[in-house]
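What follows is a single structure, written as structure tokens, with notes after it.
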Amino acid sequence: MSRARPLISSFAAGTIFALGLALGGMTQPAKVLAFLDVTGGAWDPSLALVMGGAILVHAPLYQLLARRRTAPALSPRFELPGQAPLTLPLIAGAAIFGVGWGLGGFCPGPALASVPTLSTEALTFVAAMTFGMLLNDGVSRRVRAHGGSTGAHVAPSRSATAHTAPSSTHLREDES
Amino acid sequence: MDHAAFTPWASLAGGALIGLSATLLLALNGRVAGISGIYGGALSAGSRSRSWRWAFVGGLFAGGALALLAAPQLFVLETDRAPWVIATAGVLVGLGTRLGNGCTSGHGVCGVSRFSRRSIAATVTFLATGALTVWLSRLAWST
């Protein structure tokens, strides 16, 4: 029974997340594009409030968790990325993601949350995004197998994170 | 600014729910609520512990379905963009989020909340290229 609890909590978190996305307006690509359209006459700052609202809630609670807790409630340890240096794949990846976001108005969360609508746009986007993710992971596996490094999997240093992460944190290589 | 389209309270409330979800996932499961990492990791053959990821994705579907039932007007997915544009956008988002190890939730919300230098840099980057892309496409589509 205890093995079900982390699955239930994860499912619950996903449900709340999707509700937040929909309420916030993220499931309306036109609204996202209107936010990114900073020079246009019809700029819509709503998205800034979505991200801002999320950070306003999460940031202080993260600090509390980091100070008060040595482990999560339903799992042996926190899985958090460390303070690794900036790398080219990070910036290049973010840049490419931004282009895709500006083209379609979708990012991963809202696209997945929109799947129940069975809209052609949402399904097309999710299928294409799945392909893009598998493509990257396939190439990066090949690069690593040949002894190279994508740079995205830099092992973080323990001491750099001691002040920001809970003590039992398992320092992960990738961000999420 | 488009005052008619601006939805300050709904957006703040939606954001707060996202922040709450991220906090729950961290406090209970010890995981970062970065959708690209969760979904990408679920797909990736090499990653351990995929069941909590699929549970989260299932939650995204459930939440989306709930929202659709309760307030279908929150979903406005029709677009004048051609299918090939949507597909290209999808591939770029999939590739970019995995290469960059995060997206708007992983970097923009969770990483920024931890004052992660990597996440702040990533967030500034994708906001910039996102804005640039919209600006360029408005130019291209109007000529």
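Residue numbering restarts at 1 for every chain, and letters A, B, ... go by the order of the sequence lines.
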If you count heavy-atom pairs under 4.5 Å between each of [options] and chain B, which one has the most?
options                     : answer
A/T120, A/D37, A/L61        : A/D37
A/T39, A/N136, A/I91        : A/N136
A/G109, A/A122, A/P110      : A/G109
A/L47, A/L56, A/T27         : A/T27
A/A12, A/G25, A/A13         : A/A13
A/A59, A/A54, A/G102, A/G53 : A/A54

What distance separates [X] [atom1] from [Y] [atom2], expressed to the nearest 0.5 Å?
X      : Y      : atom1 : atom2 : value
B/E78  : A/T117 : CD    : OG1   : 8.5 Å
B/S116 : A/L86  : OG    : CG    : 8.5 Å
A/L21  : B/F75  : CG    : CZ    : 9.0 Å
B/R114 : A/I55  : CZ    : CD1   : 11.5 Å
B/R81  : A/T124 : CZ    : OG1   : 14.5 Å
A/L36  : B/S137 : CG    : OG    : 9.5 Å

Does any heavy atom of chain B fall under 4.5 Å from the side chain of [X], the backbone, both, or neither of them?
X      : answer
A/L135 : side chain
A/S119 : side chain
A/L134 : side chain
A/D137 : side chain
A/T130 : both
A/F106 : both
A/V38  : side chain
A/S9   : both

Run the side-chain hydrogen bond (donor to acceptor under 3.5 Å, both in side chains) check on A/K31 and B/S11 step by step: do they pass? CA-CA 11 Å; A/K31 222 165 149 59; B/S11 291; 5.0 Å; no
Using the rule that Ile, Leu, Val, Met, Phe, Trp and Tyr join whenever any side-chain heavy atoms are under 4.5 Å apart, tell me whether [X] and [Y] fall into a single cluster.
X      : Y      : value
A/M51  : B/I120 : yes
B/F56  : A/M26  : yes
A/L112 : A/F11  : no
A/V32  : A/F125 : yes
B/W52  : A/I16  : no

With distance as the sole criterion, is a donor-acceptor pair present between the side chains of B/N29 and A/S10 under 3.5 Å?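 On atom types as modelled, these side chains do not qualify, holding no pair under 3.5 Å.
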Output yes when a side-chain donor or acceptor of B/R31 lies under 3.5 Å from a complementary backbone atom of A/F78, and no otherwise.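 The answer is no, because no donor-acceptor pair under 3.5 Å joins these two groups.
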Check whether A/S46 reaches the backbone of B/T7 with its side chain - one donor and one acceptor, N or O, closer than 3.5 Å.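 The answer is yes, because a donor-acceptor pair under 3.5 Å joins these two groups.
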Do A/F35 and B/L127 pass the side-chain contact (heavy atoms from CB on, under 4.5 Å) test, and can you show the C-alpha distance, the side-chain angles, and the key distance before you say yes or no? CA-CA 10 Å; A/F35 166 71; B/L127 283 174; 3.9 Å; yes
For chain A, the option from [options] that forms the most heavy-atom pairs under 4.5 Å:
options                       : result
B/L74, B/L17, B/T88, B/L25    : B/L74
B/A27, B/A65, B/G58           : B/A27
B/L68, B/L66, B/V57, B/L20    : B/L68
B/V134, B/V124, B/V85         : B/V134
B/L136, B/V112, B/L26, B/V109 : B/L26
B/W9, B/W135, B/Y39, B/W54    : B/Y39

For [X] and [Y], work out which heavy atoms get closest and say how close.
X      : Y     : answer
A/T15  : B/A62 : OG1-CB, 4.1 Å
A/F17  : B/A33 : CE1-O, 4.1 Å
A/G104 : B/A89 : N-CB, 3.6 Å
B/A55  : A/L7  : CB-O, 3.5 Å
A/P29  : B/V76 : CD-O, 3.2 Å
A/S114 : B/L77 : OG-CD2, 3.7 Å

Given a strict heavy-atom distance threshold of 4.5 Å, which part of [X] is in contact with chain A: side chain, backbone, both, or neither?
X      : answer
B/P83  : backbone
B/I86  : both
B/R117 : both

CZ (B/F61) with more than 12 external heavy atoms under 6.0 Å: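 More than 12 heavy atoms, drawn from other residues, nucleotides or ligands, come within 6.0 Å of this atom.
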Verify side-chain contact (heavy atoms from CB on, under 4.5 Å) between B/S36 and A/M129, making sure each step is shown before the conclusion. CA-CA 10 Å; B/S36 66; A/M129 177 178 78; over 6 Å; no
Between B/T133 and A/W101, is the side-chain contact (heavy atoms from CB on, under 4.5 Å) condition met? List the steps. CA-CA 8 Å; B/T133 303; A/W101 195 32; over 6 Å; no
Could you tell me if the side chain of A/P108 sits less than 4.5 Å from the side chain of B/T97, heavy atoms only?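 The answer is yes; the side chains approach within 4.5 Å.
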